[in-house]
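Worksheet for the structure shown next.
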Amino acid sequence: MSSSLDQGTSGNRGQSGGVRTSTRAAIAAPHLRTDRWWLAPAGTAAGLLAFIVYSTWRAFANADYYAAPYVSPFYSPCLAENCEPMKAGPNWEIFGSWWGISPAIIILIFPLGFRLTCYYYRKAYYRGFWASPPACAVAEPHKKYSGETRFPLVLQNIHRYFFYAALLVAGILTYDTVLTFRDENYAWGHMGLGTLVFLVNIVLIWAYTISCHSCRHIVGGKLKHFSRHPVRYRMWQWAGKLNARHMQLAWASLVSVALADFYVYLVASGAFDDPRFF
């Protein structure tokens with residue numbers, strides 16, 4: 001019994017780095033899980049990769065992103081001079097005629113930066129793409145682990161600042177949603193299927209943003225006495241309830257923003273007519 005343990009320990013000692021060291025349990029098998037543990041990271045990687053491919057295509061397309069009164073969330077606010085004119089829409093021509101590529105490249109930096117540095121998404125793509133670690137109780141293949149203390153992963157700490165940018169973007173998308181109650185001639189009193197698509201999307205966007213760990217810390221962090229701050233305490237409780245569903249909201253809002261863009265694409269390209277309720 002002891003000789004086999006010693007042999008396993010000495011065998012592990014010969015392999016440097018990672019979990020195969022003398023300080024870890026002398027288990028020869030890579031892991032002891034018998035379930036299909038690889039399905040979750042594989043599904044996560046597939047889902048994120050699909051969104052990356054789709055959003056890249058739409059961002060560089062620079063076409064079919066506006067069909068009054070709908071504007072794609074990928075292109076709002078439009079910060080370049082080469083934007084398609086949107087009456088009473090978010091046309092902020094900060095970038096002049098020298099900007100020749102798609103205006104979506106400018107604005108997508110902020111929501112994507114917020115999601116890329118999000119605590120949940122970090123876990124998702126660390127596991128899905130880097131296998132760090134691939135799953136619970138499954139050893140990662142890397143020999144060294146430095147966490148997020150070195151470049152470029154140390155930049156993940158700017159997540160709290162991207163949160164403020166995400167609030168601004170969510171506010172602008174809320175304005176865009178209000179504008180969907182106009183018709184194609186900009187008259188108020190319209191409601192189409194696109195209006196519902198935008199309403200669902202903005203609710204999920206706000207729920208995901210407010211459920212962020214940074215938001216929860218801002219409203220209730222560093223409070224020593226909740227009783228002295230009843231308003232912040234109540235806000236902290238609400239944010240905490242949403243935070244418990246942060247993973248689900250992250251995926252739901254990712255899907256909804258892609259569907260909202262795709263809906264605008266279908267209407268703007270003439271492939272689909274927006275059904276009107278009134």
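In this text, all values refer to a predicted model and were calculated from it rather than measured experimentally. Side-chain atoms are counted along with the backbone in the values below, which use heavy atoms only and exclude waters and symmetry mates. Index from 1, following the sequence.
For the pair T209/C215, no side-chain contact is recorded, criterion being any heavy-atom separation below 4.5 Å from C-beta on. With a 4.5 Å cut-off on side-chain heavy atoms, R216 and W236 count as touching.
In summary, the aromatic rings of Y119 and H159 are positioned with their centroids under 6.0 Å apart. A centroid separation of less than 6.0 Å is found between the aromatic rings of F272 and Y263. You'll find the ring centres of H246 and Y120 outside the 6.0 Å limit.
Remark: side-chain polar atoms of T180 are not paired, donor with acceptor, to backbone N or O of Y70 under 3.5 angstrom. With R122 contributing its side chain and T117 its backbone, the two residues share a donor-acceptor pair below 3.5 Å. At least one donor-acceptor pair under 3.5 Å links the side chain of R232 to the backbone N or O of I218. Judged purely by atom type and a 3.5 angstrom limit, N185 has no side-chain atom pairing as donor or acceptor with the backbone of A187. For S102 (side chain) and A59 (main-chain N/O), a donor-acceptor pair under 3.5 Å exists by modelled atom type. A side-chain donor-acceptor contact under 3.5 Å links N243 to the backbone of S211. Between the side chain of Y121 and the main chain of A250, a donor-acceptor pair closer than 3.5 Å is present. R33 places a side-chain N or O within donor-acceptor distance of the main-chain N or O of C136, the cut-off being under 3.5 Å. Formation of a donor-acceptor pair under 3.5 Å by the W99 side chain with backbone atoms of I101 is found in this model.
Less than 2.5 Å separates the SG atom of C83 from that of C78.
Side chains of D176 and S76: a donor on one and an acceptor on the other come within 3.5 Å. Checked by atom type, the side-chain pair N201/S256 shows a donor-acceptor distance below 3.5 Å. Between the side chains of Y65 and D261, no donor-acceptor pair of N or O atoms lies under 3.5 Å.
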Sequence neighbours excluded and cut-off under 3.5 Å, please list the side-chain donor-acceptor pairs for residues 165-175, or say none.
unit_1	atom_1	unit_2	atom_2	d
T174	OG1	A170	O	2.7
T174	OG1	W206	NE1	2.7
Y175	OH	A88	O	2.6

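Within 6.0 Å of atom CZ in R245, 12 or fewer heavy atoms from other residues, nucleotides or ligands are found, so the atom counts as exposed in its surroundings. The neighbour count for F60 CZ, taken as heavy atoms of other residues, nucleotides or ligands under 6.0 Å away, does not exceed 12. The number of heavy-atom neighbours closer than 6.0 Å to CE of M191, taken from other residues, nucleotides and ligands shown, is above 12. Within 6.0 Å of OH in Y186 there are more than 12 heavy atoms belonging to other residues, nucleotides or ligands. Within 6.0 Å of CG on D35 lie more than 12 heavy atoms contributed by other residues, nucleotides or ligands. Summarising the local packing, OH of Y66 is surrounded by more than 12 heavy atoms from other residues, nucleotides or ligands at distances under 6.0 Å. Within 6.0 Å of CZ in F226 there are more than 12 heavy atoms belonging to other residues, nucleotides or ligands.
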*Are Y75 and N62 close enough, and set up right, to give a side chain to side chain donor-acceptor pair (under 3.5 Å), and what steps lead you there?*
CA-CA 9 Å; Y75 286 81; N62 195 19; 4.9 Å; no
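R115 forms a cation-pi arrangement with Y208, by the criterion of a distance under 6.0 Å to the ring centre and an angle within 45° of the ring axis.
Here the CZ-CZ distance, from F74 to F262, works out to 11.5 Å after rounding to the nearest 0.5 Å. A distance of 8.5 Å separates CG of D64 from CD of E84, quoted to the nearest 0.5 Å.
Shown here for E148 and L153, the closest heavy-atom pair between the two residues is CB-O, 3.7 Å. The nearest pair of heavy atoms linking Q156 to L116 is OE1-O, 3.6 Å.
With sequence neighbours excluded, the residues satisfying side chain to side chain donor-acceptor pair (under 3.5 Å) with Y233 are Q237.
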